[in-house]
Each structure stands twice: as structure tokens, then as C-alpha cells.
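What follows is a single structure, written as C-alpha cells, with notes after it.
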Amino acid sequence: MTGPSNAPVVLFANSIGTNFHIWDEQVKALGGRIRTLRYDMRGHGLTDATPGAYSMDMLADDAVCLLDALGIDQAHVCGLSIGGMMAQRLAVKKPDRVLSLVLAGTASVIDPPEIWQSRIEAIRTGGMASIAAGVMPSWFTSAFLERETERVRGYVNMVARTSDAGYIGCAMAIRDADLRSDCAR
């Protein structure tokens, strides 16, 4: 966690296949005016990958446990992709803990379940390296992919280094999540 101890906290939740470094530029831009808390979602970065399917409830509970462990009562929550889905679920489960939401590149339902199941099967067959480069066009424009080849290579490496079990568990959480009724409330 960085920033002044008396400042409001912004909890940053990463996207599938990434780690907390996905937020480096945002933290730098905030320039120490805000307390920022970045963490690796279950099975990503340096966290352990528990076996089996994950759920949005499980991922939201992880965020609450982190806030509790750090003595943080409330936070602004910024989530990208699955991080945004987790943030939506967190806001419904623990509305008293969420001051505001910033939801980026996310939805209440992301893609048909078959797309996630196909990705899960590809990882089971060929590991993370088999999908790492293939997800880049869904993250970046073709102009960015052509112009920022070194930066894109770093993102490909980040995805490829995500544990198979962690990615698959989170892919199952996305596949099975339908937060529309939560959002309607």
C-alpha cells in the first residue's frame, strides 16, 4: 500500500491473467495523494492458486479479507475485467465497505460461457503459453499492438506466467457469473 495514511483508500483489482503491476501507471499518476492498495487476485501474480472453480463470491470475500487484515473499513474500488466483476459483487455483498466503484473493461456478464470453456480447455491442453498472445487483440487496438511491441511482449509474458490453475479458476468464475440481478438492485 502506498500513499498518506490519512488519505482515502483506492483498492485496485486486476484483470484475468495479470498481476498488480497492471496498475503501476495509475498509482504513479495519483502521485501519493491517495492511499492505493493493489493486490494479486487469487491464482495470479504471487498468490497461491487453490484448485477448483472460483466464484465471484470467493473473489469478493478475498478482497474483504485483505481489507480486514489491513484494518481498512472502506475503500473506493477500481476493477478491470474480472476485477470489475469482483467489485460489482463486493458492492452488493458488503455495500458498507465500498465508497465508490470504477468499473473498467467489464460487464455483468462477460462473453458467452462457451468462450471461457474453450479457453479453459486450451490451457488444460497447452498451458498458459498457448493463449497468452491470443488474448492481446481483445485488450489492445491493432495500432497499439503494432506500435508498442516491447510493451505488448511484457503483457504476453505476464499472462504466460500466470498459473494454469489460477487462470482456469478465475475463467470459471467469469464463465459462471451473471451479475445482472445484483446490478439491477
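What you see is a predicted model; the values in this text were computed from it and never measured.
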Same cluster (ILVMFWY, side-chain, under 4.5 Å), Leu67 and Phe20: no
For a quick test of reading the model, state the closest non-hydrogen atom pair linking Arg35 to Ala7 and the distance between them. CD-O, 3.4 Å
Does Asp164 reach the main-chain N or O of Met128 with its side chain, forming a donor-acceptor pair under 3.5 Å? yes
Say whether, by atom type as modelled, one donor and one acceptor occur between the side chain of Thr47 and the main chain of Met41 under 3.5 angstrom. yes
When every non-hydrogen atom of Ala13 is compared with those of Met86, the smallest separation belongs to CB-CE, 3.6 Å
Pair Lys94 + Asp61: basic N to acidic O under 4.0 Å: no
Who are the salt bridge (charged side-chain N to carboxylate O under 4.0 Å, His left out) partners of Arg151, not counting sequence neighbours? none
Partner set under side chain to side chain contact (heavy atoms under 4.5 Å, CB included) for Met158, not counting sequence neighbours: Thr18, Asn19, Tyr155
Verify the neighbour count for atom CZ of Arg124: are there more than 12 heavy atoms of other residues, nucleotides or ligands below 6.0 Å? yes
Is there a donor-acceptor pair under 3.5 Å between the side chain of Gln74 and the backbone N or O of Asp96? yes
Who pairs with Asp48 by salt bridge (charged side-chain N to carboxylate O under 4.0 Å, His left out), at least two apart in sequence or on another chain? none
Arg180 atom CZ, over 12 foreign heavy atoms within 6.0 Å: no
Going only through I, L, V, M, F, W and Y residues with side-chain contacts under 4.5 Å, is there a path from Val98 to Val64? yes
Which heavy atom of Gly43 sits nearest a heavy atom of Tyr54, and at what distance? CA-OH, 4.3 Å
